[in-house]
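I'd like to ask some things about the structure below.
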Amino acid sequence: MSKNQSETTQKGKRYTITAALPYTNGPIHIGHLAGVYVPADIYSRYLRLKGNDVAFICGSDEHGVAIPMKAKKEGVSPQQIIDKYHNLIKDSFEAFGIAFDNYSRTSSEIHHQTASDFFRKLYEQGEFIEEVTEQLYDQEAGQFLADRFVTGTCPRCNHEEAYGDQCEQCGSSLNATDLINPKSTITGSKPVLKETRHWFLPLDRYESFLREWILEGHKNDWKPNVYGQVKSWVDEGLKPRAVTRDLDWGIPVPVEGADGKVLYVWFDAPIGYISATKEWAEREGKSWEPYWKDQDTKLVHFIGKDNIVFHCIIFPTMLKAHGDFILPENVPANEFLNLEGNKLSTSKNWAVWLHEYLEEFPDKQDVLRYTLTANAPETKDNDFTWKDFQARNNNELVAIFGNFINRVVVLTNKYYDGVIPQPGTLTQVDMEVLEELRTYPEKIGQSIERYRFREASQVLMNAARLGNKYLADEEPWKVVKTDPERVQTIMYVALQIASALAVLSEPLLPFTSEKLRDMLAQNGNDRLFWDDIAGFETLLPAGKQINKASLLFTKIEDIEIEKQLEKLENTKKMNEAANKTAEPQKETATFEDFTKMDLRVGTIIEAEKMPKANKLLVLKVDTGIDTRTIVSGIAQSFKPEDIIGKKVTVLVNLAPRKLRGVMSEGMILMTENAEGKLVFVNPDEDGVTNGTTIN
RNA sequence: GGCGAGGUAGCUCAGUUGGUUAGAGCGUCGGAUUCAUAACCCGGAGGCCACGGGUUCAAAUCCCGUCCUCGCUACCA
């Protein structure tokens, strides 16, 4: 047995497997797990069981402007934020059984060194473009301001607290320099424009490389969603991308004259994979380099679809420009997971948080792993529901997998005091069942190697079904009364299936696998590996003493599911309440200010969609004074034909503005309901005529 | 609007180098069974493969058009 094992471990191929670095501004939720960490962990565990040389790498992403922002909001230091979430994330991954070879962090010394060296090498090779641009600068604080650090009045909707990158009221994406009355959120002072120098990675120079490598080279082996997204980016035309920022949180730019500048978080984060590998290799006393430089190493990045551009375009370009490194063989990005029909949202607290799940469902890691795998968003966005979670547990894990094991172990203890019986001559059926059992490692392996984890979970369940069917067909509990010798063979065969399941379930259900191996007393030197299932004549030898049955899975009752749904209901209510909190009153307006505004009653007499835009309607409005054109961004709330004849409130003396080439002369007053749908501010009563002033 | 991905049974999804009566699991209905967490096992019902055209001896699969969902992007009072 051991000879066979060492043979499999020798022939191992080298793999470097990375899982997206979690950003340390919040905990991990089921969306992260389903999209990235569970599939990556299954893949890594499987490859190890096959005897491959695997480095499964991850770590916390701790730089970027959002960290100091959050720190400031909470009145703590950035270090406190990253320590808090790094530890929370690391611990919950560990408790959940995500078996990283190393979980590092980008604030570590080794990462700062690695990222600096990487940048300097590209710099020395002349791979960057340097450019001087004008950015907002806070003179009082003596620093440049990232877009998020500037607030001001939105030039579009006059919302007074728009951020430099986006107005949260009207949803416009902005440049910080567009804001009216910009204000630094650090000191409150008015920023000035100041020149600053930055380094850009000229992605456009790598277009032909990317086309050849991905669009031609990986046409057939990369997932359609990944390939399509990359093609879309490349076809749109790549532009040089700034890889440095004016910020005091991050990795200092390691060249002369770059004081107060750090590497852009998206430049340093993927290098974190390399630093984490170095850190691990050092600890293990081996060389990290083969894992990143040997052409025989297979590099695979597990990510969510939001990261495709970084892992398929920017990071490979960095690796290519550097010159020493291998490129990813595949980037199996998943789509998104929804929760009970709504998008997961950290800010809206619409999520199932891993650390909470681990507390509320102790020892049920595998249930969540299984549910998320069986329902993984592999080809399109998918929905997680608690009802489905319950059904997967009760109907599949409990009823099929757990039940089979329980039947076998209970019967073995009942008939033979837990000693594996000596088999007699195998019947045709016995041999066929064992033969079929031997096909499972290959079948499940194929699914996993093709990144079809959903399929792998179903095939695994079929292996347990094979066992249940065998017992149902052979009926040892009946035969025992007439032919006890035959029952020895039946139970022996059933036990071989149980033993195989202990191995086959390891990648998907590591905790269950461990428990099952304990039950079968097969957790020591006689532990089996993946290829042993098909390769060995006997998995569990006659004469061996096994342990008493204990349940691998327990039923999840309705009440537990109701509790979770209630929790989500409460979240919804909290969000609604939060939305109802009215904005603070604006500064006092004088009567004169008000009388400047000419508000009138008008009637929409024509409405049609603005071509080539999907939020705009072009309206003809009878204002009583005239009939004029007003362009309004309401196309997502109303169909043109439904609002013709509608009486509305119009600001008639708003300065005209051209929108998509059409002059808009005025503004229709709108408000918003709880679902975010627009509602007319409504003077729609009989006898109110067009042109009547509103005051 | 542009680009990308998706639209197959009540639900979650396979299936697209074109080829016999379109598959699986769950759910549902019926049967059988009691070793087992009323679980397992067997069987039935359930689909104009989003819609409309076209190519072909043959289309879920290829081509054209339309509609819907999601993402990126543009645009947005």
Side-chain angles (χ1 to χ4, degrees), chain A residues 154 156-159 167 169-173 220 223-236 304-306 308-309 333 335-336 338 343 371 374-385 387-388 391-392 394-415 447 452 454-455 457-459 461-462 464-465 467-480 487 490-491 494 549 551-555 609-617 619 630-636 651 654 657 659-661 664 666-670 678:
Chain A
C154 172
R156 301 259 161 69
C157 71
N158 294 324
H159 176 55
C167 171
Q169 180 151 300
C170 67
S172 309
S173 48
N220 299 316
K223 294 170 61 163
N225 57 338
V226 177
Y227 182 89
Q229 193 60 244
V230 169
K231 187 170 185 317
S232 175
W233 276 86
V234 174
D235 286 348
E236 267 174 41
K305 69 172 161 183
D306 50 331
I308 290 173
V309 63
E335 301 284 300
F336 286 152
N338 295 325
K343 277 178 215 180
T371 307
N375 211 15
E378 280 171 9
T379 51
K380 60 179 175 190
D381 290 359
N382 222 332
D383 199 25
F384 175 93
T385 64
K387 205 174 149 245
D388 185 65
R392 292 280 183 195
N394 293 356
N395 304 331
E396 297 180 28
L397 293 175
V398 172
I400 295 168
F401 194 107
N403 186 36
F404 169 67
I405 297 301
N406 194 45
R407 301 168 83 180
V408 173
V409 177
V410 164
L411 285 176
T412 304
N413 275 289
K414 188 164 168 182
Y415 297 155
S447 296
R452 300 167 81 138
R454 220 167 32 197
E455 183 179 81
S457 72
Q458 292 317 295
V459 179
M461 207 43 68
N462 284 341
R465 286 193 172 95
N468 276 321
K469 180 165 169 52
Y470 178 72
L471 285 184
D473 290 348
E474 298 306 308
E475 302 178 303
W477 51 89
K478 244 186 211 170
V479 179
V480 75
V487 174
I490 296 170
M491 290 314 300
L551 297 181
L552 290 178
F553 302 99
T554 53
K555 277 204 153 194
K609 281 207 66 169
M610 168 82 82
K612 300 190 175 191
N614 57 359
K615 290 189 180 174
L616 296 181
L617 292 185
L619 311 175
I630 294 178
V631 180
S632 188
I634 58 173
Q636 289 177 332
L651 177 59
L654 181 70
R657 184 184 163 127
L659 298 170
R660 281 222 146 238
S664 178
M667 181 162 106
I668 312 268
L669 266 46
M670 309 292 299
L678 294 171

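Proteins come first, then strands; the chains are lettered A, B, ... in the order of their sequence lines, and each starts at number 1.
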Subject >> Set of side-chain hydrogen bond (donor to acceptor under 3.5 Å, both in side chains) partners for E335(A), sequence neighbours left out >> reply: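 Checked E335(A) against side-chain hydrogen bond (donor to acceptor under 3.5 Å, both in side chains); matches are N225(A), K305(A).
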**OP:** Applying side-chain hydrogen bond (donor to acceptor under 3.5 Å, both in side chains), name anything that partners N338(A), two or more places apart in sequence or on another chain.
**Re:**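 Listed in chain order: nothing, the list is empty.
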**OP:** Among residues two or more places apart or on two chains, list those pairs meeting side chain to side chain donor-acceptor pair (under 3.5 Å) that have a residue in residues 395-407 of chain A.
**Re:** Y370(A)-E396(A), R392(A)-E396(A), R407(A)-N468(A)
Original post:
Can you name the residues that form a side-chain hydrogen bond (donor to acceptor under 3.5 Å, both in side chains) with K469(A), not counting sequence neighbours?
Top reply: D473(A)
Original post:
When we call it a touch if two heavy atoms are under 4.0 Å apart, what does S664(A) touch: a base, just sugar-phosphate, or nothing?
Top reply: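 The residue S664(A) makes no contact with any strand.
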**OP:** Go ahead and name the base partner of G4(B); Watson-Crick or wobble counts if both distances stay under 3.5 Å, otherwise write none.
**Re:** C70(B)
At a cut-off of 3.5 Å, list every protein nitrogen or oxygen paired with a nitrogen or oxygen from nucleotides 32-35 of chain B, distance to 0.1 Å.
{"from": "C35(B)", "atom 1": "O2", "to": "R407(A)", "atom 2": "NE", "distance (Å)": "3.1"}
{"from": "C35(B)", "atom 1": "N3", "to": "R407(A)", "atom 2": "NE", "distance (Å)": "3.1"}
{"from": "C35(B)", "atom 1": "N3", "to": "R407(A)", "atom 2": "NH2", "distance (Å)": "2.5"}
{"from": "C35(B)", "atom 1": "N4", "to": "R407(A)", "atom 2": "NH2", "distance (Å)": "2.8"}

Original post:
If pairing requires Watson-Crick or G-U wobble contacts with both distances under 3.5 Å, which nucleotide is the partner of U17(B)?
Top reply: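 By the stated definition (distances under 3.5 Å), nothing pairs with U17(B).
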Subject >> Test side-chain contact (heavy atoms from CB on, under 4.5 Å) applied to N413(A) - qualifying residues, sequence neighbours left out >> reply: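 Residues passing side-chain contact (heavy atoms from CB on, under 4.5 Å) with N413(A): V409(A), K548(A).
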Original post:
What's the shortest heavy-atom distance between Y415(A) and W477(A), and which atoms?
Top reply: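 Here Y415(A) and W477(A) meet closest at OH-CA, 3.2 Å.
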**OP:** Assign F404(A) to base, sugar-phosphate, or nothing according to its heavy-atom contacts below 4.0 angstrom with the strands shown.
**Re:** nothing
**OP:** Scan N375(A) against the nucleic acid and name what it touches under 4.0 Å (heavy atoms): base, sugar-phosphate only, or nothing.
**Re:** sugar-phosphate
Subject >> Residue whose nearest RNA chain B nucleotide is more 5′ - Q458(A) or F336(A) >> reply: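 That would be Q458(A).
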Subject >> ring-ring contact (aromatic ring centres under 6.0 Å, His included) partners of F384(A), counting only residues at least two apart >> reply: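 With neighbours one apart ignored, the set is W386(A).
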When you compare the protein's N or O atoms with those of nucleotides 26-30 of chain B, which come within less than 3.5 Å of each other, and at what distance?
{"from": "C26(B)", "atom 1": "OP1", "to": "R465(A)", "atom 2": "NH2", "distance (Å)": "3.4"}
{"from": "C26(B)", "atom 1": "O3'", "to": "N395(A)", "atom 2": "ND2", "distance (Å)": "3.1"}
{"from": "G27(B)", "atom 1": "OP1", "to": "N395(A)", "atom 2": "OD1", "distance (Å)": "3.3"}
{"from": "G27(B)", "atom 1": "OP1", "to": "N395(A)", "atom 2": "ND2", "distance (Å)": "2.9"}

Report, one pair per line, the protein and nucleotides 8-10 of chain B atoms (nitrogen or oxygen only) whose separation is under 3.5 Å.
none

**OP:** Mind checking side-chain contact (heavy atoms from CB on, under 4.5 Å) for A333(A) and listing every partner two or more places apart, or none if nothing turns up?
**Re:** V226(A), I303(A), I308(A)
Original post:
In the strands shown, is G25(B) matched to any nucleotide by a Watson-Crick or G-U wobble pair with both distances under 3.5 Å, and which?
Top reply: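 Pairing partner, where one exists within any strand: C11(B).
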Subject >> Partner nucleotide, any strand, of G30(B) [Watson-Crick/G-U, under 3.5 Å] >> reply: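 Base partner found: C42(B).
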Original post:
G666(A) and I630(A): which non-hydrogen atoms are nearest, and at how many Å?
Top reply: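 Reported closest heavy-atom pair: O-CG2, 3.5 Å.
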Original post:
Hey, does the side chain of S232(A) come within less than 4.0 Å of A5(B)'s phosphate (OP1/OP2), counting only N and O?
Top reply: no
**OP:** Could you pull out the closest heavy-atom pair between A549(A) and V410(A), with the gap in Å?
**Re:** CB-CG2, 3.7 Å
Original post:
Which part of the nucleic acid does L651(A) contact within heavy-atom distance under 4.0 Å: base, sugar-phosphate only, or nothing?
Top reply: nothing
Subject >> Of residues 223-230 of chain A, the positions that come close to RNA chain B - non-hydrogen atoms, cut-off under 4.0 Å >> reply: P224(A), N225(A), G228(A), Q229(A)
Original post:
Do the side-chain N or O atoms of R454(A) get closer than 4.0 angstrom to the phosphate oxygens (OP1, OP2) of A14(B)?
Top reply: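 Result: yes.
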Subject >> Residues that D235(A) engages under side-chain hydrogen bond (donor to acceptor under 3.5 Å, both in side chains), provided they are two or more places apart >> reply: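 D235(A): side-chain hydrogen bond (donor to acceptor under 3.5 Å, both in side chains) contacts with R211(A), K231(A).
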Original post:
Closest heavy-atom contact between D388(A) and N375(A)?
Top reply: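 Of all heavy-atom pairs spanning D388(A) and N375(A), the closest is OD2-ND2, 3.5 Å.
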Original post:
If we call it a pair only when both distances are under 3.5 Å in a Watson-Crick or G-U wobble match, what pairs with C76(B)?
Top reply: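 By the stated definition (distances under 3.5 Å), nothing pairs with C76(B).
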Original post:
Using purine N1 to pyrimidine N3 plus N6-O4 or O6-N4 for Watson-Crick, or N1-O2 and O6-N3 for G-U wobble, each under 3.5 Å, what pairs with G65(B)?
Top reply: C51(B)
